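Heads up, the thing below is written out as structure tokens.
For ligands, and for the atoms within them, numbers begin at 1 and follow the listed sequence. For reference, positions follow the sequence shown, starting with 1. Bear in mind the structure is a predicted one, so any value in this text is a computation, not a measurement.
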Amino acid sequence: MRITFDPEITREGGQVQVQISAPVPAGSAPEYQGTVTGSIVLANAGEALTAQGWLQSEAVVQCSRCANSHTVAVRIDVNEECVLRDLDRPQAYTARESGTVPFPILNGNEIDLSELVRQLLNLHLPLRPLCRADCAGLCPHCGQDLNQRPCQCATDSSDPRLAPLATLRDKQERKLQ
Ligand SMILES: [Zn+2]
Ligand SMILES: [Zn+2]
């Protein structure tokens with residue numbers, strides 16, 4: 001994610017394109033695996049630098065219904081503000097007047113997008129991932145994974161508060177017969 005510094009970027013209107021294909025940066029959420037790819041154009045817009053393009057990676061996450069691990073493709077549209085400050089210096093992370101904190105992209109005498117990429121990946125981790133849209137989840141009573149097979153709980157009125165209802169239903173069914 002590092003490229004040789006191109007002075008073009010210091011000229012208003014100047015642009016530099018960065019192709020990304022690298023291991024997920026250190027400090028990213030542990031769910032991210034393997035590589036991150038993408039393409040970002042850095043442009044000097046006078047007041048600030050803009051970073052526009054896309055990133056793509058994969059995260060291994062637990063389904064929020066059945067808890068099985070599955071892989072999710074994460075694609076991020078990038079549209080951020082950057083500054084030519086050294087990303088190792090804490091002072092580089094000061095907010096602009098608008099309140100936003102632009103991403104520092106200098107690392108010594110190179111352009112380094114690893115901090116930008118790390119933060120964007122972490123911001124876009126799927127929060128309530130599902131292994132599939134119609135995941136049946138786990139039975140709240142016995143814990144059976146209902147995607148694999150049904151359990152007996154649905155027909156078993158083991159909740160004592162429901163017993164009177166079950167008796168009533170039994171009586172009605174007998175009447176109908
Ligand atoms: Zn699931
Ligand atoms: Zn059950």
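- Judged purely by atom type and a 3.5 angstrom limit, Asn44 uses its side chain to pair as donor or acceptor with the backbone of Ile9.
- Metal site remark for the Zn ion (ligand 1): Cys131 contributes an N, O or S atom at a distance under 2.8 Å.
- Residues Asn147 and Ala136 come closest through the heavy atom pair OD1-N, 2.8 Å.
- Between the Zn ion (ligand 2) and His141 there is no N/O/S contact shorter than 2.8 Å.
- The Zn ion (ligand 1) forms the vertex of an angle spanning SG of Cys66 and SG of Cys135; to the nearest 10 degrees it equals 110°.
- Between Val36 and Pro23, the shortest heavy-atom contact is CG1-O, 4.0 Å.
- Atom CG of Leu127 is surrounded by 12 or fewer heavy atoms from other residues, nucleotides or ligands within 6.0 Å.
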